[in-house]
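For reference, the structure is listed below as structure tokens.
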Amino acid sequence: MSTRLDAEYLDPTPLRVRIDTHRRYSENDHHPTEDVLDALALTGAEALADIGCGDARFLADLVAAGHRGPLVGVDTSPAMVAAARTVPGVAGVLADAERMPFEDGTFDALTARHMLYHVPDPQAALGEFRRTTKPGGAVAIVVNHPHTCPRTAELVAAHASSYGVRPDHSFRASVDSDTLPALMAEVFDSVEVHRSDNALVFESAAPLIRFAESLLGFHGVPADHPDRAAVLEDLRTDVTEWFDAHPGAVWRDPKGYIVAVARTDNV
Ligand SMILES: C[S@@+](CC[C@H](N)C(=O)[O-])C[C@H]1O[C@@H](n2cnc3c(N)ncnc32)[C@H](O)[C@@H]1O
């Protein structure tokens, strides 16, 4: 894993801001967790691993809903694994999706939500997902559409580049909703795809500024960058002026994701 990615997920705050923004400012219902659960139709008894578990809110929700089977959160970020370990009944494991420390056929269900695009070799991770899932088990993967939220990404990139920051290709998505189904079809016999098309819509400056700030690390301006405060101040001014100059207008930015579900052979 790249050091930049490690640094980006050292602090869970930007990820939490992004999740909160999608929950509050999506044009249509935004329920990726429910979409995964609908697709998996869990009984609550499954041994389930969530790969790239982030702050483990998905696993915490399963516990709260009465899930009885073993739950494992896997992440390369020590901060995220520490968060997973605070959830009663959840085992947090520091590991890379490309090389997972589990026996063959350990899990009944495996989820990888909004993480596979960070993995340099997604095919290796898919092989690991297949290997560690029992015959008859299910693997559910969520990835974004290509160029998701392009308008805000361009805004952040423009402000970063005005301070001489070059585009950071280490965060370029290795897989997206256009490419995932074919990659999965190479590893699994059948793949079912559920698509969600949506947009972020901001009616005022503050939530857009907060969202843009949460993306700065992906655009080469991490929390400890010497120009971070200046970039953020310019961005804040720019967004505020845009809303002042366009009374009644909204900032709309298209986005979406797929949930792709594969069931392993029952042999
Ligand atoms: C965008 S966050 C998504 C977190 C969570 N799945 C969610 O949907 O809220 C991506 C997560 O994947 C983790 N991650 C990135 N590369 C990984 C890898 N190769 N193996 C395991 N986890 C990884 C990051 O540390 C981060 O916690």
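All heavy atoms count here, side chains included; hydrogens, waters and symmetry mates do not. All values reported here derive from a predicted model rather than from experimental measurement.
In this structure the side chain of Glu186 never reaches within 4.5 angstrom of the side chain of Leu126, judged on heavy atoms. Here the side chains of Phe58 and Val36 are in contact, with some heavy-atom distance below 4.5 Å. At a threshold of 4.5 Å between non-hydrogen side-chain atoms, the residues Pro88 and Val63 do not count as touching.
Screening residues 149-166 for side chain to side chain donor-acceptor pair (under 3.5 Å), with sequence neighbours left out, gives Thr152-Trp251, Thr152-Asp253, His159-Asp238, Tyr163-Asp234. Within the structure, the side chain to side chain donor-acceptor pair (under 3.5 Å) test picks out the following pairs touching residues 203-213 (sequence neighbours left out): Asp20-Arg210. Note on residues 58-69: no pairs pass side chain to side chain donor-acceptor pair (under 3.5 Å), not counting sequence neighbours. Under the side chain to side chain donor-acceptor pair (under 3.5 Å) criterion, the residue pairs touching residues 47-58 are Arg16-Asp55, Asp50-Thr111, Asp50-Arg113, Asp55-Arg57, with sequence neighbours excluded.
Remark: Ser214 pairs with Pro14, Val17, Arg18, Phe211 by the side-chain contact (heavy atoms from CB on, under 4.5 Å) rule, at least two apart or across chains. Remark: Glu128 engages Arg131 in a salt bridge (Lys or Arg N to Asp or Glu O under 4.0 Å) (not counting sequence neighbours). Checked against side-chain hydrogen bond (donor to acceptor under 3.5 Å, both in side chains), Asp224 has no partners two or more places apart in sequence or in another chain. In terms of the side-chain contact (heavy atoms from CB on, under 4.5 Å) criterion, residue partners of Ala84 (sequence neighbours excluded) are, by chain and number, Cys53, Ala56, Val90. Not counting sequence neighbours, the partners of Thr13 by the side-chain hydrogen bond (donor to acceptor under 3.5 Å, both in side chains) test are Asp11. In this structure, Thr86 has no side-chain contact (heavy atoms from CB on, under 4.5 Å) partners at least two apart in sequence or on a different chain. Every side-chain contact (heavy atoms from CB on, under 4.5 Å) that Lys134 has, sequence neighbours left out, goes to Asp108. By the salt bridge (Lys or Arg N to Asp or Glu O under 4.0 Å) test, Glu27 is found to be paired with Arg252, residues two or more places apart in sequence or in another chain being considered.
The backbone N or O of Gly137 lies less than 3.5 Å from a partner atom in the side chain of Thr264, making a donor-acceptor pair. Side chain of Glu233 to main chain of Val231: no donor-acceptor pair is present (N/O by atom type, distance under 3.5 Å, no hydrogens or angles). A donor-acceptor contact shorter than 3.5 Å links the side chain of Arg228 to the backbone of Val221. In this structure a side-chain-to-backbone donor-acceptor pair under 3.5 Å is present from Ser174 to Leu116. Put simply, the side chain of Thr133 gets close to the backbone of Phe129: a donor and an acceptor are under 3.5 Å apart. Side chain of Glu98 to main chain of Val119: no donor-acceptor pair is present (N/O by atom type, distance under 3.5 Å, no hydrogens or angles).
Once rounded to the nearest 0.5 Å, the distance linking OG of Ser196 with CD1 of Ile258 reads 11.0 Å. Going from atom CG of Leu40 over to atom CZ of Arg263 covers 6.5 Å, rounded to the nearest 0.5 Å. Separation of atoms CG (Leu71) and CZ (Phe107) is listed at 10.0 Å; rounding is to 0.5 Å.
Aromatic ring pairs are classed by plane angle as parallel below 30°, tilted from 30° to 60° and perpendicular above 60°; the pair Tyr9 and His118 is perpendicular.
Residues His22 and Asn198 have side chains that never bring a donor and an acceptor to within less than 3.5 angstrom of each other.
The one candidate from Asp178, Asp176, Asp197 that meets the side chain to side chain donor-acceptor pair (under 3.5 Å) condition with His145 is Asp197.
Here the shortest heavy-atom pairing between Met80 and Leu15 reads CE-CD2, 3.7 Å.
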